[in-house]
Student: 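Here it is, the structure, as structure tokens.
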Amino acid sequence: MSMHDDKLNLILFGPPAAGKGTQAKRLVAEHGLIQLSTGDMLRAAVTSGSELGNTVKDIMTSGALVSDEIVIALIEEQLDANKDAPGFIFDGFPRTVPQAEALDDALTQRGMGVDSVIRLKVDDVQLMDRIKARFAEQGRKDDNPETFGIRLQTYNDQTAPLLPYYAAQGKLAEVDGMASIDGVSASVARVINAVAEIKTPEKGWLAKLLER
Ligand code: AMP
């Protein structure tokens, strides 16, 4: 990781429906960070009927993960398409240890690193309640209660092992995801301020963030 670049790269981490997308959108609006949601990219591919979309459609509907190669390629493409961005918010990526390793490599190659991994902690009962509401609102096929159970299991089996990976790097910050949306945003802002303070760039937007 490069501590002294003036980019801010955050991973919003947590099970499906933890509020990652909601918080990511707020950070985009507030700081101009670029949200990279592999779930959104894959859904767009499915909707467009592209070859990629056809490849991933059934896997997504089942609640399993698509291959590491596919999502890593999507992320690298976006890193290169947004070279002037102040930083990125990774939302729903990485979801496996190989993805996390690939992200570290991809960022290092581009003179950046992961600055913080913000874990939104929400218990399973509340996740189920949220998903029922989202299913009613948006009608996402993989939000039905049965598939959602599989997605939670996938998270526990394949994604939760990233917690010790990032804890070992000293990058893990935990936030109470059961709080109100504003409450969670306030906790996320505290983490971002702490990161900005550590990076202490002489100039640039991170320094300005601390002046506010
Ligand atoms: P999400 O909207 O992030 O919950 O993603 C919806 C679905 O897209 C997941 O259940 C997976 O099938 C697929 N997906 C999204 N991101 C990834 C990822 N990083 N790795 C593998 N599969 C993913």
Side-chain angles (χ1 to χ4, degrees), residues 9-28 33-79 81-82 88-107 114 117-122 124 126-163 165-166 171 177 184:
N9 292 321
L10 304 172
I11 297 174
L12 284 174
F13 194 90
K20 303 185 296 289
T22 301
Q23 294 300 326
K25 286 186 174 65
R26 288 185 160 208
L27 294 172
V28 169
L33 298 171
I34 301 279
Q35 177 190 9
L36 298 183
S37 160
T38 41
D40 285 351
M41 294 176 213
L42 293 167
R43 273 185 292 281
V46 171
T47 304
S48 77
S50 67
E51 202 182 319
L52 170 65
N54 292 332
T55 306
V56 300
K57 191 175 177 191
D58 292 346
I59 303 169
M60 290 177 73
T61 308
S62 77
L65 295 181
V66 311
S67 76
D68 290 336
E69 290 71 33
I70 287 178
V71 288
I72 291 164
L74 288 173
I75 290 288
E76 293 209 68
E77 202 176 281
Q78 288 304 310
L79 293 178
N82 294 285
F88 297 94
I89 309 161
F90 299 92
D91 161 12
F93 178 94
R95 262 181 157 93
T96 65
V97 172
Q99 289 178 26
E101 291 168 345
L103 178 61
D104 280 343
D105 287 347
L107 291 175
V114 172
V117 179
I118 304 177
R119 176 193 188 186
L120 305 182
K121 287 181 79 172
V122 180
D124 286 1
Q126 176 145 161
L127 290 177
M128 266 300 175
D129 287 347
R130 289 184 185 184
I131 217 61
K132 281 178 196 152
R134 192 165 82 182
F135 188 48
E137 256 168 46
Q138 301 176 12
R140 254 176 71 176
K141 267 191 201 149
D142 60 347
D143 279 347
N144 73 73
E146 195 189 329
T147 308
F148 190 70
I150 297 169
R151 290 167 67 205
L152 270 187
Q153 172 120 33
T154 304
Y155 169 80
N156 287 322
D157 293 348
Q158 299 189 57
T159 307
L162 290 180
L163 292 168
Y165 177 89
Y166 286 117
K171 291 179 183 170
V184 175

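Each residue takes its place number in the sequence, starting with 1. First listed ligand is number 1; within each ligand, the first listed atom is number 1.
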Student: Could you tell me which atoms of ligand 1, counted from 1 in the order shown, lie closer than 4.0 angstrom to a heavy atom of A64?
Tutor: 10 (O), 11 (C), 12 (O)
Student: Between L42 and ligand 1, which part of the residue brings a heavy atom under 4.0 Å of the ligand: side chain, backbone, both or neither?
Tutor: side chain
Student: Would you say Q153 has more than 12 foreign heavy atoms packed within less than 6.0 Å of its CD?
Tutor: no
Student: Taking K20 for the side chain and G14 for the main chain, is one N or O donor matched with an acceptor at less than 3.5 Å?
Tutor: yes
Student: Would P16 count as a contact residue for ligand 1, given that I'm defining contact as a non-hydrogen atom of the residue lying under 4.0 Å from a ligand atom?
Tutor: no
Student: What are the two closest non-hydrogen atoms of A17 and R130, and how far apart are they?
Tutor: O-NH1, 3.1 Å
Student: Can you name the closest pair of heavy atoms from L120 and A18 and give their distance?
Tutor: CD1-O, 3.7 Å
Student: For atom CD of Q138, is the number of surrounding heavy atoms from other residues, nucleotides or ligands below 6.0 Å larger than 12?
Tutor: yes
Student: How far is atom 20 (N) of ligand 1 from its nearest protein heavy atom, and which residue and atom is that?
Tutor: Q99 NE2, 3.0 Å
Student: Look at atom 21 (C) of ligand 1 and find which of V66, T159, D142 reaches it with the closest heavy atom.
Tutor: V66
Student: Checking T154 side chain against G63 main chain: does a donor-acceptor pair fall under 3.5 Å?
Tutor: yes
Student: Using a 4.0 Å cut-off to any heavy atom of R151, which atoms of ligand 1 qualify?
Tutor: 4 (O), 10 (O)
Student: I'd like to know if the side chain of R119 reaches the main chain of L163, judged simply by a donor and an acceptor atom lying under 3.5 Å from each other, with no hydrogens or angles considered.
Tutor: no
Student: Specify the protein heavy atom at minimum distance from atom 16 (N) of ligand 1: its residue, its atom name, and the distance to 0.1 Å.
Tutor: T38 OG1, 2.8 Å
Student: Would you say R140 contacts ligand 1, with heavy atoms under 4.0 Å as the rule?
Tutor: yes
Student: What is the closest protein heavy atom to atom 6 (C) of ligand 1, and at what distance does it sit?
Tutor: R43 NH1, 3.5 Å
Student: Find out whether K141 and M60 are in side-chain contact, i.e. whether some heavy atom of one side chain is under 4.5 Å from a heavy atom of the other.
Tutor: no
Student: For ligand 1, which atoms have a heavy atom of G92 less than 4.0 angstrom away?
Tutor: 16 (N), 17 (C), 18 (C), 19 (N)
Student: Report the member of K20, R95, M60 with the shortest heavy-atom distance to atom 4 (O) of ligand 1.
Tutor: R95
